Visitor: 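My questions all concern the structure below.
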Amino acid sequence: GQQLNQSPQSMFIQEGEDVSMNCTSSSIFNTWLWYKQEPGEGPVLLIALYKAGELTSNGRLTAQFGITRKDSFLNISASIPSDVGIYFCAGQLNSGAGSYQLTFGKGTKLSVIP
Amino acid sequence: DTAVSQTPKYLVTQMGNDKSIKCEQNLGHDTMYWYKQDSKKFLKIMFSYNNKELIINETVPNRFSPKSPDKAHLNLHINSLELGDSAVYFCASSRGHSGGYTFGSGTRLTVV
């Protein structure tokens with residue numbers, strides 16, 4: 001099956017710093033999504049990307065869908081303590097029975113030092 | 001007003017028992033899912049289901065079975081629980097095949 005390689009696995013940053021994380025895949029996806037999971041909660045959708053090359057922002061978050069449809073990055077600018085959590089990328093094929101299921105990366109655990 | 005609600009939040013049970021986890025969504029979505037998150041936080045699809053088809057991840061043991069009484073509910077029944085079943089189980093829903101899944105807050109299952 002498809003696999004998503006997400007990096008880095010974890011990050012420790014100072015409050016106010018910018019953050020960048022990315023995902024790559026050996027397979028093409030039609031949709032890339034970025035989720036955030038806080039302790040004791042389920043993942044919450046941050047940004048959805050539907051077109052190759054698409055660049056989308058959500059507040060301090062910016063994500064881009066790679067031209068080849070095999071990668072994506074997420075940037076967080078001016079980090080704050082509430083940015084702490086695990087960030088997951090997810091890919092979706094939308095091309096037939098069963099293939100619309102999301103495949104998740106292994107997550108990037110973000111810690112913000114006040 | 002929780003969009004996707006799961007019960008119970010925590011479940012501790014002995015090996016060999018049978019248990020169920022309930023999931024309800026009030027979003028009017030037509031597709032529901034169960035995901036398993038292991039101790040390393042890896043999220044893996046178990047089932048996806050709408051009123052037309054049930055897609056089962058082939059790696060899921062047949063001790064796990066989804067049951068859907070209606071479009072708003074997808075319960076997960078587990079027979080003969082094993083230690084390795086300990087994990088957090090997430091229910092999710094979406095409208096059609098949209099990428100915008102909404103997740104529940106999870107059920108932490110501990111098998112002792």
Side-chain angles (χ1 to χ4, degrees), chain A residues 1-6 8-11 21 23 29-51 54 56 58 63 65 69 72 84-111, chain B residues 2-10 21 23-25 27 29-60 66 74 87-108:
Chain A
Q2 302 94 18
Q3 286 191 334
L4 297 184
N5 300 307
Q6 186 171 349
Q9 198 171 29
S10 62
M11 303 179 73
M21 58 192 79
C23 266
F29 287 102
N30 296 115
T31 304
W32 279 87
L33 305 116
W34 285 92
Y35 284 83
K36 178 188 178 186
Q37 184 179 20
E38 298 185 5
E41 298 297 329
V44 174
L45 181 65
L46 298 174
I47 292 179
L49 302 161
Y50 299 102
K51 298 179 182 178
E54 180 180 353
T56 297
N58 178 6
F65 194 160
R69 293 184 173 271
S72 177
V84 165
I86 302 176
Y87 291 79
F88 291 97
C89 63
Q92 187 178 49
L93 277 175
N94 299 345
S95 62
S99 61
Y100 49 81
Q101 296 165 358
L102 290 182
T103 299
F104 280 85
K106 293 189 175 182
T108 296
K109 185 175 182 179
L110 178 64
S111 300
Chain B
T2 304
V4 180
S5 59
Q6 298 178 226
T7 55
K9 178 78 172 175
Y10 301 95
I21 306 172
C23 178
E24 175 182 6
Q25 55 95 4
L27 298 167
H29 288 169
D30 56 6
T31 306
M32 297 183 72
Y33 313 83
W34 278 103
Y35 276 81
K36 179 180 181 180
Q37 187 172 47
D38 61 24
S39 58
K40 295 184 178 180
K41 304 299 183 184
F42 183 52
L43 280 159
K44 191 170 183 180
I45 182 76
M46 299 178 70
F47 305 100
S48 64
Y49 183 81
N50 62 20
N51 58 4
K52 298 177 183 176
E53 62 184 354
L54 170 67
I55 306 296
I56 302 172
N57 184 322
E58 61 187 10
T59 67
V60 175
L74 184 65
V88 181
Y89 292 84
F90 286 99
C91 177
S93 70
S94 68
R95 186 178 305 281
H97 299 168
S98 163
Y101 286 23
T102 301
F103 282 83
S105 58
T107 296
R108 181 175 293 277

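Worth saying up front: this structure is predicted, and the values here are computed from it rather than measured. Residue numbers begin at 1 in each chain, while the letters A, B, ... track the order of the sequences.
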Visitor: Run the ring-ring contact (aromatic ring centres under 6.0 Å, His included) check on Y101(B) and Y35(A) step by step: do they pass?
Guide: CA-CA 10 Å; Y101(B) 286 23; Y35(A) 284 83; 7.3 Å; no

Visitor: Output the distance between atom OG1 (T102(B)) and atom CG (L45(A)), rounded to the nearest 0.5 Å.
Guide: 8.0 Å

Visitor: Minimum heavy-atom separation for F90(B) to Q37(A), with atom names?
Guide: CZ-NE2, 3.2 Å

Visitor: Go through the steps to decide whether L102(A) and Y35(B) satisfy the test side-chain contact (heavy atoms from CB on, under 4.5 Å), and finish with yes or no.
Guide: CA-CA 10 Å; L102(A) 290 182; Y35(B) 276 81; 3.3 Å; yes

Visitor: Test: salt bridge (charged side-chain N to carboxylate O under 4.0 Å, His left out). Region: residues 37-48 of chain B. Which pairs qualify, not counting sequence neighbours?
Guide: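 Residue pairs passing salt bridge (charged side-chain N to carboxylate O under 4.0 Å, His left out), neighbours aside: none found.
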
Visitor: Can you see which heavy atom on K9(B) is nearest to which on G40(A), and at what distance?
Guide: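 Where K9(B) meets G40(A) most closely, the heavy atoms are NZ-O, 2.6 Å.
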
Visitor: Any chance NZ of K36(A) has more than 12 other-residue heavy atoms, nucleotides or ligands included, within less than 6.0 Å?
Guide: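 Atom NZ in K36(A) is crowded, with more than 12 foreign heavy atoms closer than 6.0 Å.
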
Visitor: Report which part of Q6(B) has an atom under 4.5 Å of a heavy atom belonging to chain A: side chain, backbone, both, or neither.
Guide: neither

Visitor: Measuring heavy-atom distances to chain A, does L43(B) have an atom under 4.5 Å in its side chain, in its backbone, in both, or in neither?
Guide: both

Visitor: Please name the pair of heavy atoms, one in F42(B) and one in F104(A), separated by the smallest distance, quoted to 0.1 Å.
Guide: CE1-O, 3.6 Å

